[in-house]
Amino acid sequence: MRIDVVSIFPEYLAALDLSLIGKARQDGLLDLNVHDLRDFTTDRHRTVDDTPYGGGAGMVMKAEPWAQALASVADAGTDGGTANDGGTSDGGTRPVLIVPSPAGAVFTQAMAYELAEEKHLVFACGRYEGIDERVLEWAGERFDVRPVSLGDYVLNGGEVAVLAMVEAIGRLVPGVVGNPESLVEESHSDGLLEYPVYTKPSSWRERDVPEILLSGNHGKIAQWRREQQLQRTAARRPDLLDKFDASQLTKADKAALTALGYEVTKDRILPRG
Ligand code: ADE
């Protein structure tokens, strides 16, 4: 997969040299390129922002440096990388342009899986009050443009969001995580939060590891872990249970949910009372 990131703070993205993503870059699984937006300006001051039309606080990022930067990376991913059709409207030949913004659709694990199938992702890190809206309209001719938010809070710019998204997407690219099994059982992979985990020693500061995990009974352990997932999700993220496909529930799951105060109908999990 090819990834291009355009930012006025390219140094911010240095963390992508580390750990699993850094290793994936070294191994050639991720072809990640960071570009300085100011390299696409033409004036002496390398200006990237100006005052907003209509007034108001802050500055807006100018259209032309963005157009130059995006045009220069648009065709970069057309050869090499892991090919697929990416699910884009024209069969996947267009790169996906992700514009981090608190005004975007919220980033989810499902979105990460979908984007991990793409051949070429471009991230446009906005700063200040955002990028001149015409850039996104113009970019729609060459990219599949997606404004994406990390969550309902405001960051100073897109860089931190890009670090999070590249990590979440990159680790789903085949070969990046050494043991793909670990992707199956983690939080959000099946719509529930992950079960609690423990390691040695079995007794620590008078706290014992749950007995069942020492039993060697794999069937019972799997059942306990599933109950823990349901219990945790009900306590911490009841909104996920609301979205969960109830037809996936086993008899044991339904019994656990009933004990947790939920009513399970044919296709919904509803809090009782
Ligand atoms: N830029 C500023 N706030 C953001 C957010 N919540 N998500 C993504 N990009 C952002």
Side-chain angles (χ1 to χ4, degrees), residues 1-19 21 30 32-38 40-41 47-67 69-70 73-74 88 95-118 120-140 143-173 187-188 193 236-237 239-240 243:
M1 172 189 280
R2 175 164 175 133
I3 299 177
D4 288 280
V5 184
V6 184
S7 162
I8 57 166
F9 295 120
E11 305 84 357
Y12 229 116
L13 287 309
L16 296 173
D17 278 332
L18 306 174
S19 188
I21 299 297
L30 296 178
L32 203 151
N33 308 274
V34 180
H35 312 269
D36 186 343
L37 180 68
R38 292 191 198 276
F40 299 90
T41 57
T47 311
V48 291
D49 61 335
D50 209 332
T51 52
Y53 277 118
M59 300 290 270
V60 174
M61 294 193 107
K62 290 167 72 62
E64 191 54 24
W66 275 110
L70 296 176
V73 297
T88 51
V96 178
L97 175 63
I98 299 163
V99 186
S101 161
V106 175
F107 186 68
T108 61
Q109 187 68 12
M111 209 186 277
Y113 271 109
E114 193 193 313
L115 292 169
E117 301 272 312
E118 293 290 341
H120 187 195
L121 303 179
V122 178
F123 291 88
C125 300
R127 281 262 150 186
Y128 317 119
E129 298 306 308
I131 303 171
D132 187 314
E133 190 65 22
R134 292 168 294 182
V135 174
L136 274 65
E137 291 165 24
W138 167 86
F143 295 88
D144 175 6
V145 181
R146 304 204 204 163
V148 179
S149 171
L150 266 205
D152 293 338
Y153 43 81
V154 180
L155 303 167
N156 284 336
E159 287 78 6
V160 166
V162 169
L163 290 175
M165 287 190 270
V166 168
E167 183 155 318
I169 296 163
R171 64 196 292 282
L172 300 177
V173 169
S187 289
H188 301 294
L193 301 184
R236 298 180 185 176
R237 294 291 305 276
D239 58 303
L240 294 180
K243 285 184 246 159

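Ligands are counted one by one from 1 in listed order, and the atoms in each one are counted from 1 as well. Only heavy atoms go into these numbers, but all of them, side chains included; no hydrogens, no water, no symmetry mates.
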> Between ligand 1 and Leu155, is the shortest N or O to N or O distance under 3.5 Å?
yes
> Taking distance alone, with N or O pairs closer than 3.5 Å, would you say Val154 contacts ligand 1?
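No, no N or O pair falls under 3.5 Å.
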> Closer than 4.0 Å to some heavy atom of Ala161 - which atoms of ligand 1 meet that?
8 (C), 9 (N)
> Do side-chain atoms of Ser7 reach the backbone of Phe9 as a donor and acceptor pair under 3.5 angstrom?
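Pair found, side chain donor or acceptor close to backbone of Phe9.
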> Any idea which protein heavy atom is nearest atom 9 (N) of ligand 1, and the distance to it?
Ser101 N, 3.1 Å
> Salt-bridged, Asp36 to Arg38, with N to O below 4.0 Å?
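Judged by the 4.0 Å cut-off on N to carboxylate O distance, Asp36 and Arg38 do not form a salt bridge.
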> Might you confirm whether atom OH of Tyr12 has over 12 heavy atoms from other residues, nucleotides or ligands at distances under 6.0 Å?
no
> With a 4.0 Å heavy-atom cut-off (strictly under), which part of Pro102 contacts ligand 1: side chain, backbone, both or neither?
both
> Examine distances only and state if a side-chain atom of Thr47 and a backbone atom of Asp49 form a donor-acceptor pair shorter than 3.5 Å.
no
> Which residue and atom name correspond to the protein heavy atom nearest atom 6 (N) of ligand 1, and how close is it?
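Residue, atom and distance for the closest contact: Tyr153 O, 2.7 Å.
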> Do Arg146 and Glu114 pass the salt bridge (Lys or Arg N to Asp or Glu O under 4.0 Å) test, and can you show the C-alpha distance, the side-chain angles, and the key distance before you say yes or no?
CA-CA 13 Å; Arg146 304 204 204 163; Glu114 193 193 313; 3.0 Å; yes
> Please list, in number order, the atoms of ligand 1 under 4.0 Å from a heavy atom of Pro100.
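This gives 8 (C), 9 (N) as the contact atoms.
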> Count the heavy atoms belonging to other residues, nucleotides or ligands that lie under 6.0 Å from CG of Asp152, then report whether that count exceeds 12.
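Open.
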> Report, in ascending order of atom number, the atoms of ligand 1 lying under 4.0 Å from any heavy atom of Gly157.
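Every atom of ligand 1 under 4.0 Å from some heavy atom of Gly157: 1 (N).
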> One residue to check: Val148. Relative to ligand 1, which of side chain, backbone, both or neither has a non-hydrogen atom less than 4.0 Å away?
backbone
> What protein heavy atom is closest to atom 7 (N) of ligand 1, reported as residue, atom name and distance in Å?
Leu150 N, 2.8 Å
> For the CD atom on Gln109, are there more than 12 heavy atoms of other groups (residues, nucleotides or ligands in this structure) within a distance under 6.0 Å?
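More than 12 heavy atoms, drawn from other residues, nucleotides or ligands, come within 6.0 Å of this atom.
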